[in-house]
Amino acid sequence: MCGIAGYIDFNQKINNLIKINKIVDSLKHRGPDKSGYWISKNKNIFLVNTRLAIQDLSKNGDQPLLSSNGRYIIVFNGEIYNYKFLKEKLKEFKFKSNSDTEVLLYMYIKYKVKCLNYLEGMFAFTIYDKREKKLFCARDKFGIKPFYYYYDKNFFCFSSEIKTLSLMGVKKKHNDKAVLRYLDTEYHEHQYETYYENIFKIKPGNYLIIGQKGKIFKKNYFNVKDRYKSILIPSNRNEKINLIRELLFKSVKKSLVSDVPISVAASGGLDSSILQIILKQLEKKIDLISFVFKEQQFSEEKYIKEISDKTKFNYRTTNITPKIFKENLKESIDILEEPFSGLPIISYLLCIKKLAKTKVILDGSGLDEANFGYDKYTNLNSNQNNLEYSQDGSLSVYKNMIHSNLKKSKENLSFEKPFKDEFRNNMYADLNFFKLPRALKFRDKLGMKFGKEIRPCFLDEELILTLLKLDYQYHYKNGFSKRILRDAFKNDLSKKIAFAKKRNIQTPQTFWLRGELSSWLKKFLNKSEIWDLNWINKEEFFKNLHLFERKKINNSFFIWKIINLELWSKI
């Protein structure tokens with residue numbers, strides 16, 4: 001796991017080595033163990049890496065890494081879980097390390113673009129071919145690892161973080177279309193755009209090539225619709241259950257590849273409990289870290305303790321209070337770089353910041369989106385959609401507070417619906433556009449801020465697509481979502497855990513904004529300058545706020561958006 005960055009000047013040489021050193025420094029939190037850069041002979045190209053050593057802790061695993069003939073140079077952020085298996089395909093190459101980086105480099109040299117079809121794991125990487133003067137850049141199938149870039153006729157630059165692009169001459173300007181989507185929809189983490197004009201991302205499952213004279217080529221290499229067709233499902237119910245159980249074990253086992261210790265960011269929920277059961281049966285000794293709240297109706301501690309008693313894993317918690325929330329608010333926004341989704345993310349930040357002692361942390365992201373895990377799937381009627389409703393099915397968008405000037409940026413958003421069944425289309429949308437991209441982004445940014453690699457160990461292609469292909473009854477039955485997961489592990493878990501209802505509202509954000517944080521909120525709003533940006537209609541916002549205070553509105557996300565946008569606009 002690392003920070004990566006790079007630059008190609010199509011017209012001039014790069015002579016300012018001080019700038020490169022500043023770029024390295026800007027990414028050192030992502031890779032505190034080692035850093036370095038490669039610069040081309042004519043000094044118009046450089047590649048940067050800051051390393052968090054996970055595989056092959058020796059200097060042989062350092063980056064940028066050159067091929068044995070010196071023709072290719074790679075900078076890589078991520079983990080290739082099946083790199084030992086892939087190494088067997090590369091007998092013709094002489095390796096100097098035991099790292100997955102070197103395996104990835106030679107896989108590209110041998111298979112070129114087709115190497116992406118073999119990779120299992122999470123990655124964002126760039127390989128420069130000195131002979132063909134070509135830069136190849138790729139991102140994993142689910143978009144677990146970030147890849148930001150800027151491109152014009154003069155230069156191309158990329159980085160793991162947006163702030164580093166500023167050091168390479170990119171001027172940041174707010175993207176009003178993205179701000180409008182944030183206020184007007186649940187589409188907050190865009191596949192291609194960012195909240196800054198002309199700063200883009202490689203889409204999940206895509207690659208791009210920068211050729212000679214700055215020609216750019218982009219292509220998708222992973223298509224859910226096509227891959228979905230090849231997934232085979234047994235006809236027998238028990239066989240289906242056994243298959244899902246087997247795939248869950250395989251997925252977790254793959255993600256354990258590491259030369260350093262591992263811990264788990266745990267909750268008391270079903271997915272986290274299943275993860276711990278699997279780790280126990282794999283005979284792994286794992287410590288758990290969690291955040292909790294003093295308010296019992298929001299605290300997961302009793303559930304965390306119950307599963308910990310069963311697995312005998314030690315767990316440590318950090319208590320999140322309104323005071324702690326306020327103290328860490330600005331830091332969270334600076335780390336995330338773009339608007340995000342409230343208190344749960346700040347709570348996760350504090351969990352990692354205060355408790356994480358291992359470099360690698362496992363996380364259970366992905367199963368909610370692939371197995372009907374949100375109440376909204378059953379609460380939404382045919383006239384509603386994912387664009388305006390949060391995970392519990394409550395309305396999260398109040399269009400009357402959007403300023404008329406910002407509404408001029410309005411566009412007709414439409415999202416692909418590849419399936420005949422609407423329940424599958426909803427899950428597909430959350431996997432690709434709504435819930436999962438937001439979760440993956442904040443986990444990467446928060447973990448890497450403190451030099452921690454967070455692995456979503458259930459995001460395995462075969463597992464996710466198999467879940468997606470199951471009929472409705474395996475997703476929702478007799479009032480329970482994620483039914484097949486519950487059935488697959490009901491003998492390993494207590495009934496209390498296996499058949500607990502989904503707890504959608506897991507933080508006291510609404511409770512606090514009406515209570516302990518209400519006076520702070522009023523002072524904050526009165527001092528805010530966001531009203532001058534012509535994004536928010538101040539009068540209409542306060543009408544909504546009064547309805548919220550009187551409990552006529554139960555979703556507090558519209559308030560958080562104002563807090564977030566006010567602080568983010570001043571970064």
Side-chain angles (χ1 to χ4, degrees), residues 29 263-269 272 287-305 308 314-358 361 363 365 390-391 438-439 441-452 454 503-528 545 548-549 555-571:
H29 55 278
S263 58
V264 171
S267 72
S272 180
D287 285 337
L288 313 176
I289 57 174
S290 305
F291 61 84
V292 297
F293 302 102
K294 64 180 181 180
E295 295 85 2
Q296 287 301 307
Q297 66 268 43
F298 303 108
S299 179
E300 294 273 295
E301 187 161 16
K302 61 183 178 182
Y303 302 102
I304 295 167
K305 184 179 185 306
S308 175
N314 294 323
Y315 75 92
R316 290 174 290 122
T317 62
T318 184
N319 190 40
I320 314 299
T321 66
K323 182 175 182 292
I324 292 173
F325 166 78
K326 288 188 293 183
E327 290 172 347
N328 290 273
L329 187 54
K330 290 183 180 179
E331 181 186 19
S332 304
I333 290 168
D334 182 61
I335 294 170
L336 269 294
E337 300 191 287
E338 297 177 284
F340 60 96
S341 305
L343 177 58
I345 295 176
I346 298 173
S347 303
Y348 202 101
L349 160 69
L350 292 162
C351 178
I352 302 300
K353 182 178 181 179
K354 292 186 175 184
L355 301 180
K357 294 181 179 180
T358 63
I361 302 167
D363 173 270
S365 302
S390 63
Q391 63 192 44
R438 284 151 57 173
K441 174 185 174 177
F442 86 72
R443 282 164 170 79
D444 171 81
K445 293 287 180 69
L446 298 184
M448 294 311 295
K449 173 63 179 178
F450 304 104
K452 310 296 179 186
I454 299 178
R503 299 179 291 280
N504 281 298
I505 307 300
Q506 296 174 319
T507 70
Q509 177 174 293
T510 295
F511 185 76
W512 285 355
L513 289 174
R514 284 197 184 117
E516 290 183 64
L517 291 177
S518 60
S519 59
W520 167 83
L521 177 62
K522 289 175 183 176
K523 290 177 184 177
F524 180 91
L525 294 172
N526 287 332
K527 291 181 180 179
S528 292
L545 180 62
F548 171 81
E549 291 169 339
N555 190 315
S556 63
F557 191 36
F558 78 98
I559 301 172
W560 165 253
K561 288 176 181 178
I562 307 307
I563 297 170
N564 198 173
L565 287 173
E566 165 68 14
L567 295 172
W568 169 73
S569 68
K570 295 178 178 178
I571 291 177

Worked verdict on F524 versus L567 for side-chain contact (heavy atoms from CB on, under 4.5 Å):
CA-CA 10 Å; F524 180 91; L567 295 172; 4.0 Å; yes
Run the salt bridge (Lys or Arg N to Asp or Glu O under 4.0 Å) test on E327 and K353 for me, step by step, so that the C-alpha distance in whole Å, both residues' side-chain angles and the decisive distance to 0.1 Å come before the verdict.
CA-CA 13 Å; E327 290 172 347; K353 182 178 181 179; over 6 Å; no
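Shown here is K570, whose NZ atom has more than 12 heavy atoms of other residues, nucleotides or ligands within 6.0 Å.
Between F340 and R438, the closest side-chain pair of non-hydrogen atoms is not below 4.5 Å. Considering only heavy atoms from C-beta on, I324 stays 4.5 Å or farther from T318 through its side chain. Within the 4.5 Å cutoff, the side chain of T510 has no heavy atoms near those of the F298 side chain. F442 has its side chain out of reach of I335: every pair of non-hydrogen atoms, C-beta onward, lies at least 4.5 Å apart. Residues T507 and I320 form no side-chain contact, since every pair of their non-hydrogen atoms from C-beta on lies 4.5 Å or further apart. Using a 4.5 Å heavy-atom threshold, the side chains of Y348 and I454 count as touching. The shortest distance between side-chain heavy atoms of Y315 and L355 does not fall below 4.5 Å. Contact annotation: the side chain of D287 never approaches that of K357 to less than 4.5 Å [non-hydrogen atoms, C-beta and beyond].
Across every non-hydrogen atom of S365 and R443, the tightest pair is OG-NE, 3.1 Å. Considering all non-hydrogen atoms of both residues, W568 and E337 come closest at NE1-O, 2.9 Å. The two residues S347 and F293 come nearest to each other via the heavy atoms OG-CZ, 3.5 Å.
Under the side chain to side chain donor-acceptor pair (under 3.5 Å) criterion, S290 pairs with no residue, sequence neighbours left out. Applying the salt bridge (Lys or Arg N to Asp or Glu O under 4.0 Å) test to E295 and every residue at least two apart in sequence or in another chain returns nothing.
To the nearest 0.5 Å, atom CD1 of residue I304 and atom CG of residue L288 are 8.5 Å apart.
Although no hydrogens or angles enter the test, the distance criterion places a donor-acceptor pair under 3.5 Å between the side chain of S569 and the main chain of L565.
If you run side chain to side chain contact (heavy atoms under 4.5 Å, CB included) between T317 and each of E300, E301, K305, only E301 comes through.
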